Undergrad: 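First, the structure itself, so that you have it in front of you.
A quick note: this is a predicted structure, and the numbers were derived from the prediction, not measured. Order of the sequence lines sets the chain letters (A, B, ...), proteins ahead of strands, with each chain counted from 1.
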Amino acid sequence: MSSWQRTHTCGELRDAHIGQAVTLNGWVNTFRAYPDQVFLDLRDRYGVTQVVVEADRPEIFKLAAETRGEWVLSITGRVRERMIGSEKKHNTKLATGAIEVLAEDLRVLNRCPTPPFEVFSVPQEGHTFGEPELANEDLRLQYRYLDLRRPTLQRTLAMRHRLNKVIRDSLDAQGFLELETPLLGRSTPEGARDYLVPSRVSLGSWYALPQSPQLYKQILMVAGYDKYFQIARCLRDEDLRADRQPEFTQLDLEMSFVEIDDVFRVIEQLAVDVFQRCLGVTIKTPLPRLKYAEAMLKYGSDKPDLRYGLEIVDVGDIALQTEFQAFRGTLEAGGAVRALNASGAADKFSRKQIDELAEIVKRSGGKGCAWVKVEAEKFAGGIEKFLTGNPLTPNPSPAEGRGGAIQQQLRERLNAKAGDLLLFVADKEDVVCQALGTLRTHLASVLKLYDPNALDYKIAWVLDFPSFIWDDEEKRWAANHHPFTAPMDEDLTKLESDPGSVKAKAYDLIINGYECGGGSIRIHNPEVQSRLFKVLGMSDELARSRFGFLLDALQFGAPPHGGIALGLDRWAMMLARTSNIRDVIAFPKNQKARDLMTGAPAAVDAKQLKELGL
RNA sequence: GGGGACGUAGCUCAAUUGGUUAGAGCACCGGACUGUCGAUCCGGAGGUUGCGGGUUCGAGUCCCGUCGUCCUCGCCA
């Protein structure tokens with residue numbers, strides 16, 4: 001008797017194999033039973049192959065007729081062309097559609113009960129696979145091994161493998177060493193909440209799982225490993241989002257004797273390699289650079305989606321000429337009035353939909369959203385009646401009538417034409433940014449300003465971040481990035497006198513509206529580090545108690561160094577074109593950080609707790 | 001911790017204003033069928049409408065609570 005083990009995969013056989021004896025292993029994708037023959041589509045991660053079992057082999061025909069979806073089979077038989085008489089009957093929707101395997105032996109390697117949801121894949125045009133309607137995600141997470149059989153998820157995880165491989169190849173070629181750092185480490189008080197692990201041999205003491213290998217990698221620089229990287233698991237006990245998991249993977253990277261441009265060159269080469277070798281997409285370098293302040297002004301976000309324009313425009317100077325108190329009052333109180341031109345949207349949005357836009361603004365902390373429709377000769381609706389001249393200033397263009405000049409200025413500033421919808425938000429500047437930024441992404445999605453399925457990637461650097469942000473609750477300056485981020489050289493003199501104006505040598509990498517990486521040049525000078533801690537309201541003693549081991553290391557000949565961490569789950573999301581991080585992780589946790597398959601986190605034995613002194 | 005959406009057959013969904021016996025497609029079971037290919041056709045079985053309470057002559061539908069899932073704000077140096 002021949003072996004049950006496969007000679008070929010289910011995606012492999014072509015007309016060149018016709019006449020060969022083969023063995024296939026796989027899962028029953030679909031089956032079609034006739035009185036005299038049974039067709040079984042056998043699936044593995046390479047594809048689907050049709051198997052025919054005919055009634056003249058009664059011993060296997062009976063088995064084949066019993067077979068159901070997701071049973072695991074071994075089929076031995078002969079490859080033949082799909083024919084009826086002398087007529088070709090190829091299935092052009094299937095990569096293996098020119099052939100089928102006529103079964104001579106069939107072994108059931110394992111049976112399967114009716115699955116809780118449908119797993120099978122459906123061939124579609126272009127020899128790819130479609131899928132049945134997806135079941136609820138929590139059900140799919142509970143039976144993750146079934147969900148993972150879906151070709152889409154199998155392709156995504158294969159893409160993720162490729163991403164890791166390209167990263168290792170590219171960084172190896174660029175002279176980097178892949179080094180590992182501990183999972184059991186020391187809790188450092190700033191940043192996210194730690195996941196804690198109790199120590200059995202030191203009762204009452206705790207390890208913390210790493211939020212990132214940040215401190216270790218800086219110490220590796222002190223130790224002379226001048227080009228380091230690691231594909232590192234990071235853990236943060238914070239509330240989750242569609243693009244956040246409690247444990248996630250970063251490409252962690254650090255270099256010595258570098259400035260910003262050196263880090264950028266390495267990552268740009270890496271981005272080129274990743275997109276070329278994972279998707280065949282060519283990324284042009286150097287990548288565009290966007291100043292933080294410019295990003296906030298034009299896009300209302302520090303991670304703008306650059307696949308579309310729809311830029312925010314400041315209209316404060318024009319708004320000041322109106323009689324509209326909502327505008328004038330805000331401006332006189334030091335706020336801002338800015339606008340978006342939703343081009344061509346005037347007829348697309350009902351009054352109700354415009355009200356929904358105002359709701360979005362309110363959710364972002366704004367008071368609301370003013371709007372006006374642009375017609376050929378004039379504005380209409382919304383705040384049109386308020387866009388008249390201020391009686392205290394002479395009308396610069398009497399011929400156009402009161403308001404004509406203001407409307408003309410807005411037309412020019414916003415590049416408006418008939419059919420456009422203008423949206424205004426007046427508020428404190430940070431609220432205006434937040435509200436219009438949210439509105440911008442919403443409008444782009446509704447107005448279909450980009451194709452979410454296209455191989456369209458807009459990658460850019462954001463830099464010139466402020467070093468500090470004022471923490472209003474704690475009444476102190478807080479580190480915007482982390483407290484080891486170097487300030488810009490020219491701002492060092494302002495560290496104590498004007499912390500709010502100090503810019504950091506920090507940078508983010510953004511792809512299509514997602515923050516996909518962030519890093520900085522670090523402080524390597526103990527004196528600067530000490531001054532920075534003081535700005536943060538941290539005494540030398542306090543800093544020493546928290547980060548003493550790093551400060552010690554920096555004393556012993558630390559080279560200038562800097563690096564970056566890339567969020568690989570988000571990179572995988574970009575490559576797979578999904579907005580759900582759980583789609584790119586084999587065994588993800590749900591929004592409450594639970595693993596619905598294993599049931600973690602779960603209670604443990606009292607004995608275990610006792611051993612740990614808990 | 002706050003806001004929002006959802007929860008009906010194994011799965012995806014429907015069920016008019018609160019009104020008869022809660023329906024459909026897929027899956028499942030049985031039958032028919034000589035080449036199907038997400039086969040087709042015929043038939044069958046399948047329901048504590050998440051759970052608990054309330055209002056009502058009457059609740060899938062309304063109210064309160066609770067559990068679960070997702071999205072989001074806070075949070076994530």
Undergrad: Keeping A/S530 on the side-chain end and A/P526 on the backbone end, is there a donor-acceptor pair under 3.5 Å?
TA: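 Absent.
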
Undergrad: Figure out the CE/C1' separation between A/M83 and B/U34, and round it to whole Å.
TA: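 Rounding to the nearest Å, CE of A/M83 and C1' of B/U34 are 17 Å apart.
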
Undergrad: Are the side chain of A/Q211 and the backbone N or O of A/Y195 linked by a donor-acceptor pair below 3.5 Å?
TA: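 Not confirmed, A/Q211 side chain does not pair with A/Y195 backbone.
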
Undergrad: Measure distances between side-chain N and O atoms of A/R241 and base N and O atoms of B/G74, and say whether any donor-acceptor pair falls under 3.5 Å.
TA: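 Donor-acceptor pair under 3.5 Å: yes.
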
Undergrad: Is B/G25 paired to anything, Watson-Crick or G-U wobble with both distances less than 3.5 Å, and if yes, which nucleotide?
TA: B/C11

Undergrad: Please give, in whole Å, the distance from B/U36 P to A/E100 CD?
TA: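 My rounded result for the distance is 11 Å.
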
Undergrad: Rounded to whole Å, how long is the line connecting atom CD1 of A/I581 with atom C1' of B/U72?
TA: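 To the nearest whole Å, that distance equals 16 Å.
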
Undergrad: What is the distance, to the nearest angstrom, from the CZ atom on A/R140 to the P atom on B/U69?
TA: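 Atom-to-atom, A/R140 to B/U69, this comes out as 15 Å.
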
Undergrad: Side chains of A/L495 and A/F468, heavy atoms from C-beta outward: is any pair under 4.5 Å?
TA: yes

Undergrad: With both distances under 3.5 angstrom, what nucleotide forms a Watson-Crick or G-U wobble pair with B/U56?
TA: none

Undergrad: Would you call the rings of A/F484 and A/H482 parallel, tilted or perpendicular, taking 30° and 60° as the class edges?
TA: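 Geometry flag for A/H482 against A/F484: tilted rings.
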
Undergrad: Is the phosphate of B/C71 approached by A/Q591 (side-chain N or O, under 4.0 Å from OP1 or OP2)?
TA: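 True: A/Q591 side-chain N/O within range (under 4.0 Å) of B/C71 OP1/OP2.
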
Undergrad: Within the 4.0 Å heavy-atom criterion, would you say A/A33 contacts the bases, only the backbone, or no part of the nucleic acid?
TA: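 Here A/A33 touches the bases of the nucleic acid.
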
Undergrad: Both A/D36 and A/K89 contact RNA chain B. Which one's nearest nucleotide lies toward the 5' end?
TA: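 The residue whose closest nucleotide sits nearer the 5' end is A/D36.
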
Undergrad: Using nucleotides 12-14 of chain B, report all nitrogen or oxygen pairs with the protein that are shorter than 3.5 Å.
TA:
unit_1, atom_1, unit_2, atom_2, d
B/U12, OP1, A/N136, N, 2.6
B/U12, O2', A/E133, OE1, 2.9
B/U12, O2', A/E133, OE2, 2.7

Undergrad: Mind checking if A/N29 touches a base, just sugar-phosphate, or nothing, with heavy atoms under 4.0 Å?
TA: nothing

Undergrad: Nucleotides 26-30 of chain B: which of its N/O atoms have a protein N/O under 3.5 Å away?
TA:
unit_1, atom_1, unit_2, atom_2, d
B/C26, O2', A/E118, OE1, 2.9
B/C26, O2', A/E118, OE2, 3.0
B/C26, O2, A/E118, OE2, 3.2
B/A27, O4', A/E118, OE2, 3.3
B/C29, OP1, A/R68, NE, 3.4
B/C29, OP2, A/R68, NE, 3.3

Undergrad: Can you tell me the distance, in whole Å, between the CG atom of A/L102 and the C1' atom of B/G35?
TA: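 It works out to 13 Å between those atoms.
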
Undergrad: Ignoring backbone atoms, test whether A/K93 places a side-chain nitrogen or oxygen under 4.0 Å from the OP1 or OP2 oxygen of B/G38.
TA: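 Yes, A/K93 has a side-chain N/O under 4.0 Å of OP1/OP2 on B/G38.
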
Undergrad: When you compare the side chain of A/W571 with that of A/V584, does any pair of heavy atoms fall below 4.5 Å?
TA: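 A side-chain contact under 4.5 Å is absent here.
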
Undergrad: Under 4.0 Å between a side-chain nitrogen and a carboxylate oxygen: does that hold for A/R43 and A/E70?
TA: yes

Undergrad: Quick one: CG on A/L24 to NE2 on A/H8, what's the gap to the nearest 0.5 Å?
TA: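 That separation rounds to 8.5 Å.
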
Undergrad: If B/G68 has a Watson-Crick or G-U wobble mate with both distances under 3.5 Å, name it; if not, just say none.
TA: B/C6

Undergrad: I want to check something: taking the side chain as every heavy atom from C-beta on, are A/H17 and A/I99 in contact at a cut-off of under 4.5 Å?
TA: no

Undergrad: Nearest to the side chain of A/R582, heavy atoms from C-beta on, is which of B/U36, B/C71, B/G10?
TA: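 Selected nucleotide (nearest to the side chain): B/C71.
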
Undergrad: Answer with base, sugar-phosphate or nothing: what part of the nucleic acid does A/R43 contact at a heavy-atom distance below 4.0 Å?
TA: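 Answer is nothing: A/R43 stays at 4.0 Å or more from every strand.
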
Undergrad: For A/F39 and B/U36, say yes or no: do the ring centres fall under 5.5 Å of each other while the ring planes differ by less than 30°?
TA: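 According to the criterion (under 5.5 Å, under 30°), yes, A/F39 stacks.
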
Undergrad: So what's B/G38 paired with, Watson-Crick or G-U wobble, going by both distances under 3.5 Å?
TA: none

Undergrad: From C-beta outward on A/A192, which listed nucleotide comes closest to its side chain: B/G38, B/C76, B/C33?
TA: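 Ranking B/G38, B/C76, B/C33 by closest atom to the A/A192 side chain puts B/C76 first.
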
Undergrad: Side chain of A/N590 only, please: which of B/G38, B/U69, B/C71 is the nearest?
TA: B/U69

Undergrad: Can you find an N or O donor on one side and an acceptor on the other, under 3.5 Å apart, linking the side chain of A/R363 with the base of B/C73?
TA: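 No, the side chain and the base share no sub-3.5 Å donor-acceptor pair.
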
Undergrad: Round to a whole Å and report the spacing from CG of A/D243 to P of B/C71.
TA: 9 Å

Undergrad: For the residue pair A/F547 and A/F533, categorise the inter-ring angle as parallel (less than 30°), tilted (30 to 60°) or perpendicular (more than 60°).
TA: parallel

Undergrad: Assign A/P116 to base, sugar-phosphate, or nothing according to its heavy-atom contacts below 4.0 angstrom with the strands shown.
TA: sugar-phosphate

Undergrad: Is the backbone N or O of A/S520 less than 3.5 Å from a side-chain atom of A/Y507, with the two atoms forming a donor-acceptor pair by type?
TA: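 Judged by distance alone, yes, a pair lies under 3.5 Å.
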
Undergrad: Check whether any side-chain N or O of A/R78 sits under 3.5 Å from a backbone N or O of A/G19 as a donor-acceptor pair, and report yes or no.
TA: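 Checking the backbone N and O of A/G19 against the side chain of A/R78, a donor-acceptor pair under 3.5 Å is found.
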
Undergrad: Rounded to the nearest Å, what distance is computed from the CD atom of residue A/Q50 to the C1' atom of nucleotide B/U36?
TA: 7 Å

Undergrad: Report the base-pairing partner of B/U61 (Watson-Crick or G-U wobble, both distances below 3.5 angstrom), or none.
TA: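 Checking every strand shown, B/U61 finds no partner, since no pair has both distances under 3.5 Å.
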
Undergrad: Name the nucleic acid region contacted by A/R594, choosing base, sugar-phosphate or nothing; use a 4.0 angstrom heavy-atom cut-off, strictly under.
TA: sugar-phosphate

Undergrad: Below 3.5 Å, does any donor atom in the side chain of A/R244 face an acceptor in the base of B/C75, or the other way round?
TA: yes

Undergrad: Could you state the atom-to-atom distance from CG of A/D138 to P of B/G50 in whole Å?
TA: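 Between P of B/G50 and CG of A/D138: 14 Å.
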
Undergrad: Does A/K494 have more than 12 heavy atoms from other residues, nucleotides or ligands lying within 6.0 Å of its NZ?
TA: yes

Undergrad: Does any donor-acceptor pair link the side chain of A/E87 with the base of B/G35 at a separation under 3.5 Å?
TA: no

Undergrad: Hey, which sits more toward the 5' end of RNA chain B by its nearest nucleotide, A/S579 or A/E238?
TA: A/S579

